[in-house]
K.L.:
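Here you go, one structure.
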Amino acid sequence: MSRHRRRAPQRKQQQRVAPRALIAGGLVVALGLGLGLYAASDDDGGSTGATAGRGTARGTDGDGPAGTGRAPATPTPSRSYALSTAPRTIPAVGAHTPARGPGWRPAAGHRVVVSDGDLADEGRLIAGELGMAYAGQKSDVRAGDLRLALNDDTGANPESYTMTVRGGRVTVSGPSDAGVFYGTRTLKQEVRGGGTAPEGVVRDAPAKPQRGFMLDIARKHFTAGWIEDRVRELGDLKFNQLGLHFSDDQAFRIESDSHPEIVAPQHLTKAQVRKIVALAAERHITVVPEIDSPGHLGAVLAARPALQLRNVNGVPTRGAIDISKEDSAALLDDLLDEYADLFPGAQWHLGGDEYQALTVANPSASYPQLAAASRARFGSGAGVADLATGWLNDRADTVRAHGRTMRVWNDGFFRNASVKPASDLVVAYWTGKEIGARVPTDYLAAGRKVLNYNDEYLYYVLGEPQTFVYPTGQRIYEQWTPRVLRGSTAVPARYDAQILGGSFAVWCDLANSQTQDQVAAGIRMPLRATAQKLWDAREPSLSWAQFTALAGRLG
């Protein structure tokens, strides 16, 4: 889950020493930066920053040559530096204030230190990635330091951060540990492959608060190791959600204690899922589970055939549970309660799409038991759509009791229902192809919050069934924005704040069409393009060819 912890307002006096020392040192170095003059010990500037940092430390401490107690004389400048340029990362940083100086790169003996113990996870992670020593919570200042700090920027975007490269040191600060983590992702990309973090200040924050990748593990089994690799990839790209669609007609793919009879032979154990969830939490990614209902329950119903929906002629309806039966609700609530403990994140997907009872010409005539149950509960004028809406509202009550925010596929919001969906349900908008489809502005004008799953751009459907084609990163990069919810037309800008973000999705309709390694390769550039467009609302400054080349350099 995303861990947006804030530092307590009362801090020990000793913890406030470091910022003063950093500021003092920064002022001394800033004077040198203004002149653009630094001592250098090699041609590529690798140790220059450390030299400048040591000189500043000696001057500040008053520890002059031969123990005189005087600051050393200003060294003779041996090099000047051009004004730095903005770092090239995916996604791009929001703003960079250039400066003159050698920049920073990790080196043996450099430390990662934190100003707050809550940043230990972030500190250890980046230290290991950059081959540095993690020194823990420290207030002293040394040359080459990478310091992680929480700030008191009240009201700031909790995922924002500032990264300052100055005087041979780096400071990454933010109002939460999530923001600091994203700053370390920028730094990691800057220095990947022996590069240098450019001198100056980066100020950055995401355009959208929810940036997701959804994986259909129900139709196709993906190994735990493969999913963990995607978590690492997502974290580096500043995604913050991983959706797991683990129940469908083909299989139910996570171990169950309450209903073990529904679980496929190939599945993830709860221990494996806990490891995935923990790894995701370290990278500020919330794992969003989905048990789709009242449709797409074929695997569950194979073990509980008495709950299968049948039409007036007794013919079973594929994947559909009979929502007129109390046992159906009890079964789903058992599962929702069980997996709430396994997935502690704040988000939950209820599904709600493609309930086959509502795709026929006359649902009440085809499914009289549903019509009768709806009238008994909601009154004489109620129909099957009302009963389906009531079903979703009931499941929302179950999940809401666990403190979750819920989303539902847009075709789970029924046009002709007199029963209204719960007001806190977020619309996961994926298509306009359903019967009685409504345009996205119908939901937005009604005040609904929306997540963008646009199947025109963001659906990677194995085997390309029906009219689906594999999406390309170029098309996402050049044509799609979070406001393009359906087809290729953007909704008016006045609705932008209601669009919480979006999600790239892998669906495994023809599961054997690709191996999991082929899937990883196929989604590589689409994921990077999606990350760019969810993080940065501006028109990309790089061409697609340049963006692709950058992705190749960054790995």
Side-chain angles (χ1 to χ4, degrees), residues 1 210 241 243-248 252 254 256-259 262 286-297 300-301 304 307 309 319-355 357-358 369-379 381-429 443 446-451 500:
M1 60 181 174
Q210 297 191 34
Q241 291 183 3
L244 291 181
H245 176 93
F246 63 91
S247 169
D248 213 302
F252 191 99
I254 294 180
S256 173
D257 299 318
S258 64
H259 293 281
I262 70 176
T286 298
V287 181
V288 184
E290 181 190 359
I291 302 175
D292 202 347
S293 79
H296 292 282
L297 283 169
V300 172
L301 294 170
R304 298 291 298 274
L307 301 181
L309 178 66
I321 199 167
D322 190 335
I323 59 177
S324 70
K325 295 183 176 182
E326 291 184 4
D327 285 349
S328 296
L331 171 61
L332 262 294
D333 287 344
D334 281 350
L335 295 172
L336 294 174
D337 285 333
E338 176 181 357
Y339 290 101
D341 291 334
L342 189 62
F343 296 99
Q347 305 290 327
W348 195 281
H349 204 318
L350 289 170
D353 64 314
E354 298 180 325
Y355 188 48
L358 290 166
Q369 75 275 34
L370 300 184
S374 187
R375 290 192 297 270
R377 180 175 179 182
F378 299 114
V384 176
D386 294 297
L387 191 66
T389 302
W391 168 277
L392 277 178
N393 287 343
D394 291 344
R395 305 294 75 74
D397 289 343
T398 300
V399 174
R400 193 182 295 107
H402 295 282
R404 306 298 196 266
T405 298
M406 297 149 290
R407 64 191 66 166
V408 173
W409 297 116
N410 61 283
D411 50 334
F413 293 81
F414 306 111
R415 178 189 293 276
N416 297 320
S418 57
V419 175
K420 300 304 178 187
S423 60
D424 59 345
L425 299 181
V426 173
V427 179
Y429 200 97
Y443 304 97
R448 291 275 178 189
K449 294 179 179 178
V450 176
L451 281 165
L500 301 178

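All residue numbers refer to positions in the sequence shown, counting from 1.
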K.L.:
Could you check whether His402 and Asp337, counting side-chain N and O atoms only, form a donor-acceptor pair closer than 3.5 Å?
P.N.:
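The answer is yes; a qualifying pair exists.
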K.L.:
As a quick check of understanding, evaluate side chain to side chain contact (heavy atoms under 4.5 Å, CB included) for Asp327 and Asp322, giving each step before the final call.
P.N.:
CA-CA 9 Å; Asp327 285 349; Asp322 190 335; over 6 Å; no
K.L.:
Show your reasoning for whether side chain to side chain contact (heavy atoms under 4.5 Å, CB included) applies to Val300 and Ile321.
P.N.:
CA-CA 9 Å; Val300 172; Ile321 199 167; 5.7 Å; no
K.L.:
Do other residues, nucleotides or ligands put more than 12 heavy atoms under 6.0 Å from the NZ atom of Lys449?
P.N.:
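For Lys449, atom NZ is not crowded (no more than 12 foreign heavy atoms under 6.0 Å).
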K.L.:
How would you list, by chain and number, every residue that makes a salt bridge (Lys or Arg N to Asp or Glu O under 4.0 Å) with Asp292, sequence neighbours excluded?
P.N.:
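Per chain and number, Asp292 pairs via salt bridge (Lys or Arg N to Asp or Glu O under 4.0 Å) with no residue.
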K.L.:
At what distance, to the nearest 0.5 angstrom, does NZ of Lys325 lie from CG of Leu370?
P.N.:
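Answer rounded to 0.5 Å: 10.5 Å.
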K.L.:
Measure the CD1-CD distance between Ile323 and Gln369 for me, rounded to the nearest 0.5 Å.
P.N.:
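Going from the CD1 atom of Ile323 to the CD atom of Gln369 covers 9.5 Å.
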K.L.:
Taking all non-hydrogen atoms of both residues into account, name the closest pair between Ala388 and Phe414 and its distance.
P.N.:
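Smallest interatomic distance, heavy atoms only, reads CB-CE1, 3.5 Å.
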K.L.:
Looking only at non-hydrogen atoms, find the nearest pair between Thr389 and Pro421 and report the distance.
P.N.:
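Nearest heavy atoms, Thr389 then Pro421: CG2-N, 3.7 Å.
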K.L.:
Do the side chain of Ser374 and the main chain of Val384 share a donor and acceptor less than 3.5 angstrom apart?
P.N.:
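Looks like no, no N/O pair under 3.5 Å.
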K.L.:
When rounded to the nearest 0.5 angstrom, what is the spacing between CG in Asp397 and CG in Leu336?
P.N.:
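Going from the CG atom of Asp397 to the CG atom of Leu336 covers 11.5 Å.
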K.L.:
How close do Thr286 and Ala346 get, heavy atom to heavy atom, and via which atoms?
P.N.:
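Thr286 and Ala346 have their closest heavy atoms at CG2-N, 4.1 Å.
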K.L.:
Compare every heavy atom of Pro289 with every heavy atom of Phe246, then report the nearest pair and how far apart it is.
P.N.:
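Closest approach of Phe246 to Pro289: CE2-CB, 3.8 Å.
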K.L.:
Evaluate the side-chain proximity of Leu342 to Ile254: yes if any heavy-atom separation is below 4.5 Å, no if none is.
P.N.:
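A side-chain contact exists here, since the closest heavy-atom pair is under 4.5 Å.
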K.L.:
Do you know which two heavy atoms are closest between Ser293 and Leu392, and how far apart they sit?
P.N.:
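Closest heavy-atom pair between Ser293 and Leu392: O-CD2, 3.9 Å.
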K.L.:
Quick one: side chain to side chain donor-acceptor pair (under 3.5 Å) partners of Trp348, sequence neighbours excluded?
P.N.:
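Side chain to side chain donor-acceptor pair (under 3.5 Å) check on Trp348 returns nothing, list empty.
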K.L.:
Mind checking whether His296 and Glu290 have side chains closer than 4.5 Å, heavy atoms only?
P.N.:
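Side-chain contact under 4.5 Å: no.
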K.L.:
Among all residues two or more places apart in sequence or in another chain, which pass the side chain to side chain donor-acceptor pair (under 3.5 Å) test with Asp333?
P.N.:
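Only Arg395, Thr398 meet the side chain to side chain donor-acceptor pair (under 3.5 Å) criterion with Asp333.
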K.L.:
For Ser258, give me all partners under side chain to side chain contact (heavy atoms under 4.5 Å, CB included), at least two apart in sequence or on another chain.
P.N.:
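So Ser258 forms a side chain to side chain contact (heavy atoms under 4.5 Å, CB included) with Ser256, Asp334, Leu335, Glu338.
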K.L.:
Could you check whether any side-chain heavy atom of Asp424 comes within less than 4.5 Å of a side-chain heavy atom of Thr405, counting everything from C-beta outward?
P.N.:
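The answer is no, as the side chains (C-beta and beyond) never meet within the 4.5 Å cut-off.
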K.L.:
Between His259 and Arg304, what is the shortest heavy-atom contact and its length?
P.N.:
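Looking at all heavy atoms of both residues, the shortest contact is CE1-NH1, 3.6 Å.
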K.L.:
According to side chain to side chain donor-acceptor pair (under 3.5 Å), who are the partners of His349, at least two apart in sequence or on a separate chain?
P.N.:
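Once residues adjacent in sequence are excluded, His349 has no partner under the side chain to side chain donor-acceptor pair (under 3.5 Å) criterion.
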K.L.:
Has Tyr339 got a side-chain atom pairing as donor or acceptor with Ile291's backbone, closer than 3.5 angstrom?
P.N.:
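No, Tyr339 side chain to Ile291 backbone: no donor-acceptor pair under 3.5 Å.
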K.L.:
side-chain hydrogen bond (donor to acceptor under 3.5 Å, both in side chains) between Asp386 and Ser418: does it pass, once the steps are laid out?
P.N.:
CA-CA 6 Å; Asp386 294 297; Ser418 57; 2.9 Å; yes
K.L.:
Quick one: does Tyr355's side chain have a donor or acceptor within less than 3.5 Å of a partner on Gly319's backbone?
P.N.:
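No.
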K.L.:
For a side-chain contact (heavy atoms from CB on, under 4.5 Å) with Leu451, tell me which candidate from Val427, Val426, Asn410 qualifies.
P.N.:
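The side-chain contact (heavy atoms from CB on, under 4.5 Å) with Leu451 is passed solely by Val426 among Val427, Val426, Asn410.
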K.L.:
Enumerate the salt bridge (charged side-chain N to carboxylate O under 4.0 Å, His left out) contacts for residues 408-420, please, sequence neighbours excluded, ordered by first and then second residue.
P.N.:
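Pairs touching residues 408-420 that pass the test: none.
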